[in-house]
2 protein chains.
Amino acid sequence: MITQAEIDEFVLNGARIYIPHVSLDCAIFGYHEQQLKLLLIKHKAVDGWCLPGGYIKRTEKLADAAARNVKERTGVDGLFLQQFKTFGDPNRVKFEEIDEQLWYRIMGVKITKDNWLIDQTISVGFYAITDFSRTVLEPGFLAVECAWFDIDALPKLEFDHDEMVREALHTMRIQLYHYPIGYNMLPGKFTLSEIHALYQTMLGKKLDVSNFTKKLIALGLLKKLDEKRSIGAHRSPHLYSFVKERYEEALNEGIVLS
Amino acid sequence: MITQAEIDEFVLNGARIYIPHVSLDCAIFGYHEQQLKLLLIKHKAVDGWCLPGGYIKRTEKLADAAARNVKERTGVDGLFLQQFKTFGDPNRVKFEEIDEQLWYRIMGVKITKDNWLIDQTISVGFYAITDFSRTVLEPGFLAVECAWFDIDALPKLEFDHDEMVREALHTMRIQLYHYPIGYNMLPGKFTLSEIHALYQTMLGKKLDVSNFTKKLIALGLLKKLDEKRSIGAHRSPHLYSFVKERYEEALNEGIVLS
DNA sequence: CCAAAAGTGTTAAACTTACACCCATGT
DNA sequence: ACATGGGTGTAAGTTTAACACTTTTGG
C-alpha cells in the first residue's frame with residue numbers, strides 16, 4: 001500500500017529521485033495458447049488506455065528502470081526486454097489539456113503548471129515478452145486498471161502510444177527472425193508443436209512445421225530430451241529444451257530464421 | 001559569430017529553449033576513397049575527444065534535432081540519419097569532476113552546481129553517413145576543434161562515447177546488409193567499382209565483385225546509363241545510377257544483401 | 001604486346017519450399 | 001480401424017560462393 005504522504009512526495013518532489021523530462025514506455029507482449037496479447041493500463045488522470053510506463057531513477061540504468069517497471073506491473077522478472085526506439089515529438093503528449101481540478105480530486109494533491117510531471121518529456125520505448133498466464137497484474141498507484149488485450153483488438157491508445165505499439169510489434173517481429181527469443185515464454189521443457197505455435201502466433205503467420213523444426217535443430221538451439229509427454233489422445237510428443245550456451249551465443253551473434 | 005551575451009543566455013537560460021536532461025550524440029561516418037572516418041569534436045570545457053552532440057529544442061522533433069546538429073557541424077543536410085540506441089547509465093558522464101574555475105575562464109560565465117548543463121542527462125544516439133570530402137567542418141561555439149579520424153585509429157573518447165561508437169558501427173554494418181544505404185555517399189552517377197569499394201570499406205571486409213554487383217542489379221537498385229567514364233588508363237567503366245523508386249521502396253521494406 | 005582494370009560466365013554446394021508420407025495412440 | 005496429431009523424407013527450385021575467363025585500353 002502507498003500513503004497519501006508518499007503520493008504527495010512523488011508529485012511534488014519526484015524530480016529529486018527521478019530524472020525529469022525523460023520517461024519510458026513498455027510494450028509487454030503476452031503469449032498463451034496461440035494468443036498474442038498486449039498489456040495496457042488506464043491511468044487515474046487519463047481517460048483511455050496507455051502503455052505501462054514510468055520514470056527512471058537517478059541512480060538507475062535505463063534497462064534496469066525498464067525491468068523494474070515490467071516487474072511492478074506483471075510480477076515477472078528476467079524476461080526478454082529490448083529497447084526499440086526513443087520518441088521525442090514535441091506534440092506526443094498534450095499537457096495543456098490537463099485539468100488541474102480533476103487532478104486534485106484524483107491525486108489528493110495540487111499540481112501547478114511548472115510541475116515536473118507535466119513538462120515536456122521524451123520517452124524511451126522498450127518491448128518485453130512473457131507468458132501471460134504466469135503474470136499477476138498490478139496497476140500501481142497511478143492507475144486504476146490494467147489488463148491484457150488481444151493484439152488484433154486493441155482500443156485506440158492515448159498520446160503517441162499507437163505508434164509505439166506499431167514500432168514495437170515491427171521490431172519484435174524482425175528480431176524474432178534474428179534472435180531465438182522464446183526462452184521466457186516457454187517452460188523449461190516443451191514440445192516442437194509448442195514452439196512452432198509460439199512463433200506462428202508471434203509472427204502472425206503460418207510456418208511449415210517440418211522446415212521450421214528442422215532449422216531450429218540444425219542451428220543447434222534445441223536439445224531432444226529422453227522424455228515424452230502423454231497429454232490426452234494420440235501419440236505422445238518428445239520434449240525439448242533450449243541448449244543454453246548455444247542460445248546465449250545466438251542472442252549475441254544473431255541467426256537467420258528463414 | 002556568437003556573442004558573449006548569447007553564450008550567457010545559453011548557459012543560464014538554455015533550459016527554457018532546450019529540453020534539459022536529454023541530449024543527443026551523433027556518430028557521423030565519412031567515406032572517401034576507400035577510407036572510413038568518424039567525425040570527432042574537442043569541447044572547450046573537456047580535455048579530450050567526443051562525438052558531436054547537442055540538445056533538443058522544445059519545439060523540435062528528435063530526428064530534426066539530430067539533422068540540425070549534423071548540419072551545424074558538417075554543413076551537409078538530407079543525409080542518411082538513423083537513431084540507434086539511447087544511453088542512460090547514471091555514470092555515463094561524471095559531472096562531479098567539473099572544474100568551475102576552468103569553466104568560468106573558458107565560457108566567460110559562472111556555472112553553479114544546479115545549472116541545467118551539468119545535471120544528469122540521458123542521450124539519444126544517432127548515426128549518419130556522408131562523403132567527407134563534401135563537408136565543411138565547423139566546431140561551433142562550444143568546441144575548439146573538430147576533425148575526421150580514421151576508424152581504425154580513433155583516440156580514446158570521453159564519457160561513454162567509446163561504447164556509442166561501437167554500437168553505432170555495429171548497427172550501421174547490420175543495416176548495410178538490410179538497406180541500400182549509399183545514396184548520400186556516391187555522386188548521382190558512379191561505377192560498379194565505386195559502389196563495390198564503398199561497401200567493402202563500410203563493412204571492413206572483402207566482397208566478391210562479381211557476386212556483389214550481380215546482386216545489386218538483380219534487386220533492381222541500379223540502372224545502367226548510356227555513358228562511360230574514361231579516367232586514366234585501361235577500359236572505361238560504365239556509369240550507373242540508383243533507381244530512385246526502387247531505392248525508396250527498399251529502404252522501407254528492407255533487402256537482403258548476402 | 002602486355003599489364004591492369006572492367007566485366008561476364010560457370011559450377012558445386014547449400015539452403016528453401018512445398019508437400020507427401022509414415023507412425024503411434026486412444027477411442 | 002481410423003482419425004488425429006507427431007514426426008520424417010525428398011525432390012525441385014533458388015541462392016550463394018568461389019573462381020576462371022574474356023574484353024578493353026593506354027603505354
Side-chain angles (χ1 to χ4, degrees), chain A residues 33-34 173-174 176-178 180 186-187 189-201 203 205-242 246 250 253-258, chain B residues 33-34 173-174 176-178 180 186-187 189-201 203-242 250 253-258:
Chain A
E33 286 178 358
Q34 265 129 126
R173 286 184 168 161
I174 299 260
L176 214 55
Y177 283 112
H178 296 283
L186 290 168
K189 301 166 182 181
F190 48 85
T191 69
L192 291 182
S193 300
E194 282 164 357
I195 193 171
H196 175 238
L198 169 68
Y199 269 77
Q200 283 201 157
T201 305
L203 292 173
K205 69 180 195 185
K206 292 259 176 290
L207 297 170
D208 186 281
V209 201
S210 166
N211 298 331
F212 175 78
T213 54
K214 244 184 287 175
K215 186 88 195 218
L216 279 185
I217 291 166
L219 286 167
L221 286 168
L222 298 186
K223 182 170 56 203
K224 195 179 206 159
L225 302 175
D226 280 341
E227 296 176 64
K228 292 192 179 191
R229 174 185 299 169
S230 46
I231 20 94
H234 316 300
R235 194 175 176 185
S236 22
H238 276 101
L239 288 174
Y240 288 75
S241 69
F242 281 106
R246 187 69 191 88
E253 287 173 13
I255 56 171
V256 180
L257 233 183
S258 160
Chain B
E33 285 177 357
Q34 264 127 127
R173 286 183 169 162
I174 299 259
L176 214 54
Y177 283 111
H178 296 283
L186 290 168
K189 302 167 181 182
F190 49 84
T191 69
L192 292 181
S193 298
E194 283 164 356
I195 194 172
H196 176 237
L198 169 69
Y199 269 78
Q200 283 201 157
T201 306
L203 292 173
K205 69 180 195 187
K206 292 260 177 289
L207 298 170
D208 186 279
V209 200
S210 168
N211 298 330
F212 174 78
T213 54
K214 243 182 291 177
K215 186 91 196 214
L216 279 186
I217 290 165
L219 286 168
L221 286 169
L222 298 185
K223 179 171 56 204
K224 196 179 205 160
L225 303 175
D226 280 339
E227 296 176 65
K228 293 191 177 193
R229 175 184 296 168
S230 47
I231 20 93
H234 316 300
R235 191 176 176 179
S236 19
H238 276 100
L239 288 174
Y240 288 75
S241 68
F242 282 106
E253 288 172 13
I255 56 171
V256 180
L257 234 184
S258 158

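Letters go in sequence order (proteins before strands), and every chain restarts at 1.
Near-neighbour residues of DNA chain C inside residues 213-228 of chain B, defined by a heavy atom below 4.0 Å, number-ordered: B:Lys214, B:Lys224.
Of the two residues near DNA chain C, A:Ser236 and A:Asp208, the one whose nearest nucleotide lies more 5' is A:Asp208. Judged by closest nucleotide on DNA chain D, A:Leu192 is the one of B:Val256 and A:Leu192 placed further toward the 5' end.
Using a 4.5 Å heavy-atom cutoff, the side chains of A:Leu192 and A:Leu222 are in contact.
Listed by chain and number, the residues in a side-chain contact (heavy atoms from CB on, under 4.5 Å) with B:Arg229 are B:Thr191, B:Glu194, B:Ile231, B:Leu239 (sequence neighbours excluded). Listed by chain and number, the residues in a side-chain hydrogen bond (donor to acceptor under 3.5 Å, both in side chains) with B:Lys189 are B:Glu227 (sequence neighbours excluded). The ring-ring contact (aromatic ring centres under 6.0 Å, His included) check on B:His178 picks up A:His178, with sequence neighbours excluded. Taking the side-chain contact (heavy atoms from CB on, under 4.5 Å) definition, one finds that A:Ala197 meets it with A:Tyr31, A:Gln34, sequence neighbours left out. Residues passing the salt bridge (Lys or Arg N to Asp or Glu O under 4.0 Å) test with A:Arg246, sequence neighbours excluded: A:Glu249.
Distance, B:Glu194 CD to C:dG7 P: 10 Å, rounded to whole Å. One atom, NZ of B:Lys206, and another, P of D:dT16, lie 21 Å apart when rounded to the nearest Å. Here D:dT23 presents its P atom at 9 Å from CZ of B:Arg235, a figure rounded to the nearest Å. Atom CZ in A:Arg229 sits roughly 17 Å away from atom C1' in C:dA24 (whole-Å rounding).
Side-chain nitrogen and oxygen atoms of A:His238 include none within less than 4.0 Å of the OP1 or OP2 phosphate oxygen of D:dG6.
If you check every strand for non-hydrogen atoms under 4.0 Å, A:Ser210 touches a base.
Between the side chain of B:Asn211 and the base of D:dA17 there is at least one donor-acceptor pair of N/O atoms closer than 3.5 Å.
Which of C:dA18, D:dG7, D:dA17 sits closest to the side chain of A:Pro237 comes down to D:dG7.
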